[in-house]
Amino acid sequence: MPGVYGIQSDDLALRNRVKDFFVRHWGEHESASDAGWTIGAGSVGAEICLRFVGGSWVGCDGEPISLRRLSSLNSLKGSDGDLAAFLRGNVFVLDQTTDELRLECHESGYLPLFWFADQDQFVFASSLRVFREVLNLEPDPTAVVTFLRNGFTIGDSSPLAGVHRVLPGQVLRHRIGSTQLTSVPTSRLWAPISGRYPISERDSVNAVWSDLVAAVDASYGPEKSPTLMLSGGWDSRTLLAATLETGRAPRAFVHGDPNSREIALVQQIAGHVGIDLIVESIGPQCMDPDWLNSRFDRVENVVFPHWHRGAEILAARGSGTVASGIFGEVLGGHYGPSMALQGWRKIFAVGRELVGTRNAEGVDRVVSSAEVVDRMLHPSPISRSYYLQSDWWDAAGPVNEKIRESKEEVLDRYIQRGIRELPTLVEAYITEHRGAQYIAAQPGSMRADLPTTQPFVESELLRLCSAIPIQFKIHNSLNRLVLSQYSPGLAALPLAATLVKARRPVLIQEASRLARRIGERIGSRLPALGSLSHLSWVNFEFMRSSPVVLDVIDSLSSPWWDRDALRRMLTRMREDESRDLHPYFDQLMKIYTIDALFRS
């Protein structure tokens, strides 16, 4: 299991308890100790990501490419953050000549890294549960609420009080034997940059393709037949095109409704390029409480159990590295202002993006973080969710005020980086939270079974995609041009979300997206037109009858949950056949993940 950990403490028993935790949950890994400290790193495949380089211990939580680059490392020269960018992962460096410990988080933030400090110890780990089990820390109610609602926590918060998430691109320096701790921001994402980064549309297309193919080639290394998580959307299709460009012969995996239009489209894509495809339906086996608990023990997030199930299937079939298209959303302009809005405001925002200006001069500029929160990121105040006990909610304190403060702190960090455009600030916020935590938990679910790789987080490529103004990227405008120029065959095939060929103009695509959503809603309400509701891969219909859903509710151990309310909601969902069960599934898996974290 990949990951890193370390503890500085004079309490040898405590240090041994931290090490023993990882022996139990990770199995094979490597560690080192000296007076007052213990460090360790897990494995990527069969190789351990811990090395001694020039008087320093270096550990990395990353991908197969991280291990290859770590093996080639001969010195630690460079600026803060350069090592994490080079290794494409989270890194610690313990310099035994200066007794300084340095943590570097990759600027994408796609892998978790946490830390805790008090007068007696400094602890860091890829695991959150170790802080709960070894230090017995209490929950942070505000962070718990934001995770339950969104699948992420805001800024450097975590569901455990006092435990901080290392921020994307952040470097922490700690002097062993002291309480000295300094923080250095190093991320260059979304910041105004001159030099190689293009402004024209044509330059952007060529640069993106060149960097993507290079990132894909480096990601796979010597592997000739990687596995791709394939869907009917843009990100995995663009990744597939680049993979084929490197001369590799991948195979693909998709989960979901085998009778849906989207799965049929994925089969069409695989057939068009001549690759093998594994199709797996989603059933009650991915909600068995004992199985969920065993999965949480390794990865600590079961929000996407169908991805866990996919990992087991692929591992049993001897798959090697598995790639996915996360952070391709930055290239596709998915995380712009329209994603932050609801209802009619969202519709108007989409219309403005589609017919609005395509140059940077027409972009709103902001004065303060409070302005962004007011306009985009602070919807109606949060009230108690039906699944939470009222006494727990009452004791949680001023949740809404704390959420607003956290959002403003995050945005102030971006503004200090030089980001002033409203769409760019919103894109940075959504990417670092929804993208880096919630969406990244999908491939993260597979890391206990298989090596995974995310080519879109290669630093040069990600910096390029973030530097391109969102006006050029919005609604996959740039993806369309990239595929049309470099993979016209794939561009000629339809998209799952928009019903038309990928090469069609954006306005036509978005009009068909609206038609698709209308069709799905009509199909869900009129049984005679039920086929219209099977356009997407999403199918959790097993929840209407399977007892496993009630088993999950019954297994919840925390007194926070209103189990009766969860059962009543399930009954209503089951009785109304027009109700989509996916949101309930998503919510229940977030609840289970938090419950497992605090389980005794």
Side-chain angles (χ1 to χ4, degrees), residues 128-129 139 141 143-153 159 255-257 280-312 382-390 392-393 396 434 437-442 444-446 524 536-600:
L128 191 57
R129 194 177 186 181
V144 167
V145 168
T146 57
F147 182 90
L148 290 171
R149 291 177 66 87
N150 305 306
F152 59 76
T153 58
H255 45 229
D257 183 355
E280 177 70 14
S281 60
I282 300 174
Q285 68 271 20
C286 72
M287 289 189 75
D288 175 76
D290 292 336
W291 180 79
L292 287 173
N293 194 54
S294 69
R295 300 300 301 180
F296 182 87
D297 277 347
R298 300 293 302 278
V299 181
E300 299 186 4
N301 188 311
V302 290
V303 174
F304 300 101
H306 38 303
W307 283 72
H308 286 268
R309 176 70 179 154
E312 289 186 336
I382 296 172
S383 57
R384 180 180 69 87
S385 298
Y386 73 92
Y387 50 78
L388 287 171
Q389 294 283 1
S390 57
W392 186 88
W393 176 260
R434 177 180 171 82
Q437 295 183 51
Y438 179 67
I439 300 300
Q442 295 174 345
S445 303
M446 311 183 87
S524 67
S536 167
W537 66 268
V538 175
N539 188 344
F540 292 86
E541 286 299 300
F542 73 88
M543 295 176 64
R544 293 205 188 277
S545 58
S546 175
V548 74
V549 189
L550 288 172
D551 292 342
V552 171
I553 296 173
D554 292 340
S555 73
L556 300 175
S557 61
S558 171
W560 311 342
W561 317 119
D562 189 333
R563 294 171 187 77
D564 289 338
L566 282 165
R567 295 185 188 100
R568 289 193 297 271
M569 177 61 74
L570 177 62
T571 298
R572 288 197 292 270
M573 300 283 286
R574 284 175 165 177
E575 291 175 348
D576 184 354
E577 293 188 3
S578 69
R579 298 284 292 272
D580 179 8
L581 289 163
H582 187 208
Y584 186 88
F585 172 87
D586 181 73
Q587 186 62 73
L588 192 56
M589 292 301 95
K590 290 172 184 171
I591 290 171
Y592 189 94
T593 295
I594 288 293
D595 189 79
L597 176 62
F598 290 97
R599 195 170 296 159
S600 300

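Quick caveat: nothing in here was measured; it's all calculated off a predicted structure. In this chain, numbering begins with 1 at the start of the sequence shown.
Proximity of Leu570 to Val549: side-chain heavy atoms (C-beta onward) are separated by under 4.5 Å at one or more points. Contact check for Trp291 versus Pro305: side-chain heavy atoms found under the 4.5 Å cut-off. Looking at Asp551 and Ser555, their side chains never come closer than 4.5 Å, going by heavy atoms from C-beta outward. In this structure, Tyr386 and Arg568 have side chains that are not in contact, with every pair of non-hydrogen atoms separated by 4.5 Å or more.
Side-chain N or O atoms of Arg544 include one that pairs as donor or acceptor with a backbone N or O of Met573 at under 3.5 Å. Under a 3.5 Å cut-off, the side chain of Arg309 and the backbone N or O of Gln285 do not form any donor-acceptor pair. Side-chain N or O atoms of Arg563 include one that pairs as donor or acceptor with a backbone N or O of Leu556 at under 3.5 Å. In terms of modelled atom types and a separation under 3.5 Å, the side chain of Asp595 and the main chain of Ser558 share a donor-acceptor contact. One N or O on the side chain of Gln587 and one on the backbone of Leu148 form a donor-acceptor pair closer than 3.5 Å. Side-chain atoms of Gln389 come within 3.5 Å of backbone N or O of Trp561 as a donor-acceptor pair. For the pair Glu300 (side chain) and Arg129 (backbone), a donor-acceptor distance under 3.5 Å is present. Judged by distance alone, with hydrogens and angles left aside, the side-chain atoms of Ser546 form no donor-acceptor pair with the main-chain N or O of Met543 at under 3.5 Å. Side-chain atoms of Gln437 come within 3.5 Å of backbone atoms of Thr153 as a donor-acceptor pair (strictly under, hydrogens ignored).
For the residue pair Tyr387/Asp564, the side-chain donor-acceptor check at 3.5 Å is not satisfied.
The two residues Pro139 and Trp560 come nearest to each other via the heavy atoms CG-CZ2, 3.7 Å. The two atoms that bring Pro159 and Leu128 nearest to each other are CD-CD2, 3.7 Å, heavy atoms only. Scanning both residues, Ala441 and Asn301, for their nearest heavy atoms gives CB-ND2, 3.8 Å. Taking each heavy atom of Leu292 and Val552 in turn, the nearest pair found is CD1-CG2, 4.2 Å. Here the shortest heavy-atom pairing between Lys590 and Asn150 reads NZ-C, 3.9 Å. In terms of heavy atoms, Phe542 sits closest to Val548 at CE1-CG1, 4.4 Å.
Between Arg572 and Glu575 there is no salt bridge, since no side-chain nitrogen of the basic residue lies less than 4.0 Å from a carboxylate oxygen of the acidic one. Here Glu312 pairs with Arg295 in a salt bridge; the nearest charged N to carboxylate O distance falls below 4.0 Å.
Screening Trp307, Phe304, Phe540 against His255 for a ring-ring contact (aromatic ring centres under 6.0 Å, His included) leaves a single residue, Trp307.
Centroid-to-centroid, the aromatic rings of Phe296 and His308 stay 6.0 Å apart or farther.
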